[in-house]
Number of protein chains: 2
Amino acid sequence: MKQPQLIQSPSPQPLYEQVRRLLVERLTAGDWGPGELLPSEAALAKVYGVSQGTVRKAVDAMAAERLVVRHQGRGTEVAKHTSERSLFQFWHLYSDNGDRQIPTSDTLKCERRKAPARDAKLLGIGAGEPVVRINRCRYVKNSPVLIEWITVPAERFPGIERYGHELPNTLYALYQTKYQVTIQSAVENLKAVASNARDERYLKLAPGTPLLEIQRIAFDLENRPVELRTSRCSTQHLHYRNVLD
Amino acid sequence: MKQPQLIQSPSPQPLYEQVRRLLVERLTAGDWGPGELLPSEAALAKVYGVSQGTVRKAVDAMAAERLVVRHQGRGTEVAKHTSERSLFQFWHLYSDNGDRQIPTSDTLKCERRKAPARDAKLLGIGAGEPVVRINRCRYVKNSPVLIEWITVPAERFPGIERYGHELPNTLYALYQTKYQVTIQSAVENLKAVASNARDERYLKLAPGTPLLEIQRIAFDLENRPVELRTSRCSTQHLHYRNVLD
DNA sequence: AAGTGGTCTAGACCACAGC
DNA sequence: CTGTGGTCTAGACCACTTT
């Protein structure tokens, strides 16, 4: 029988924070899968021996982090990596006319290899440990807009290289459903760079076109780095939008 | 005598939302200036005829928007545009070595003119209405890193063109202290572009260097657009960092 | 010591979803 | 109708800052 994991009132951490941590742990452990409903606030309050208001504050925090989605009258759902979420949280490229959509993908390469020192360091693994490297070209309305390289540790995604050209468009949904890895946050570094011959061939560009290069590190629920992604993008008809507030 | 502005319980808006709006209004009207303390939660609860918990939720929301800063034991302070805030909220360029600082500025031009149609539309004013246009070159450790053009409506910033070369480095603090305009949020659109002769002269670049162009629209407390800013930035030694979560 | 925000509780009532 | 989250209250106690 699972015990209510003693919680004490006079402690370094507020109660709602302790509850939040316990819930995130259980969520990470897979006690409730993406799309399922958490127990009701009243039930959780009883389990942890705190008031419903305290549970509420814990769940509010998780909702703010988009770990969970509240539905009045229905319950609180564990967040799923739908294409919606990918679009709103992880896709910042807009057409200049305002359109916005997840582009389609062509997988160019997908193979296992040893991690270069730099990638290994960023992923928090040992140099030379196996990673899978994916190269894709992505299209909006059948026009190529960017090429990207993705590196993930093979250990967290066993056999992912076998998907090859069958890799789905929204990788984060695959990570979540097939490998129980939920991408929770990311950091992107942007630079302007000149296109090289390879860019020009795939993106049909004139030599030396300025490109936007986006280097992303994506993190799981426990803030461990799980994916590196470099995208080189023509901004002739697109722009990267960022809201500061 | 100012009346507690009747608040009714069964209404389209939750009470805490009504309180929040009223507080933001008074804040916009200047009832409390940047750096001052709001009345205590208990006092506000009495004024508006609601419980302290409801005021708390309203103020929490304002704190989340960075309109206000809470200090346990001291009170709740109206947010100031310190260089700190400018740095954390509105400055996304990092040195590749990780450093980060507000660059110094040289004002190249600062003059009144009629708003071009495009700028007028973005600023929500009539075409041809007066604006002030500022051109600056900015430096990190005495190296030029970007040139920027800033356009503000003359009506909101009367006489700002007379600052000329005396314009301070952090304009948003000037807007707030001299013109009671608090920049609250902004939207940035980024593109990679090729440098032109002017860029190359000021930034000491080779012809056709790729630059990061950042177009920003900044909004005040009431979400009205009050500043347009275009920055062209060499990303040889800098990058634009964005955190997604 | 007095005043402030921060946490926590218990309980009431409302709005909505699903049976 | 029942169960869920959403709002609101009143009051207790704690932690911190200021006088």
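Labels below follow one simple rule: chain letters A, B, ... track the order of the sequence lines, proteins then strands, and each chain is numbered from 1.
- Listed nucleotides: D/dT7, D/dG5, C/dT4. Nearest to the side chain of B/S40: C/dT4.
- Contact between the side-chain N/O atoms of A/T76 and the OP1/OP2 oxygens of D/dT4 is not found at any separation under 4.0 Å.
- Each of B/R74 and A/G75 was assigned the nucleotide of DNA chain D with the nearest heavy atom; the assignment lying further toward the 5' end belongs to A/G75.
- One finds a side-chain N or O of B/K57 lying less than 4.0 angstrom from the OP1 or OP2 phosphate oxygen of D/dT7.
- Atom CD in B/E41 sits about 15 Å away from atom C1' in D/dG11, given to the nearest Å.
- The phosphate of D/dT7 (OP1 or OP2) has no side-chain N or O of B/T54 nearer than 4.0 angstrom.
- B/L38 has its CG atom 8 Å from the P atom of C/dG5, to the nearest Å.
- Looking at B/T107 and B/R136, their side chains never bring a donor and an acceptor atom within 3.5 Å of each other.
- Under the 3.5 Å distance criterion, with hydrogens and angles disregarded, a donor-acceptor pair is assigned to the side chains of A/Y240 and B/N242.
- Between the CZ atom of A/R70 and the P atom of D/dT4 there is a distance of 13 Å, rounded to whole Å.
- One distance of note links CD of A/E17 with NZ of A/K57; it measures 10.0 Å at 0.5 Å rounding.
- In this structure, the CD atom of B/E77 is 16 Å from the P atom of C/dT4, given to the nearest Å.
- If you measure from atom CD of B/Q52 to atom P of C/dT4, you get 10 Å, rounded to the nearest angstrom.
- Judged by distance alone, the side chains of B/Q18 and B/Y48 never bring a donor and an acceptor atom under 3.5 Å apart.
- Of the candidate nucleotides D/dG6, D/dC8, C/dT7, D/dC8 has the atom nearest to the side chain of B/P14.
- Between B/H71 atom NE2 and C/dG6 atom C1' the separation is 15 Å, expressed in whole Å.
- Nearest-nucleotide positions on DNA chain C for A/E17 and A/G73 put A/E17 closer to the 5' end.
- Close to D/dG6, at under 4.0 Å from its OP1 or OP2, lies a side-chain N or O of A/R56.
- One distance of note links CZ of A/R100 with CZ of A/F88; it measures 6.0 Å at 0.5 Å rounding.
- Rounded to whole Å, the distance from CG on A/L15 to P on D/dC13 is 16 Å.
- Comparing D/dC8, D/dG5, C/dT9 against the side chain of A/V50 picks out C/dT9 as the nearest.
- Considering only the side chain of A/Y16, C/dC8 comes nearest among C/dC8, D/dA10, D/dG6.
- Between B/Q72 atom CD and C/dT4 atom P there is a gap of 13 Å when expressed in whole angstrom units.
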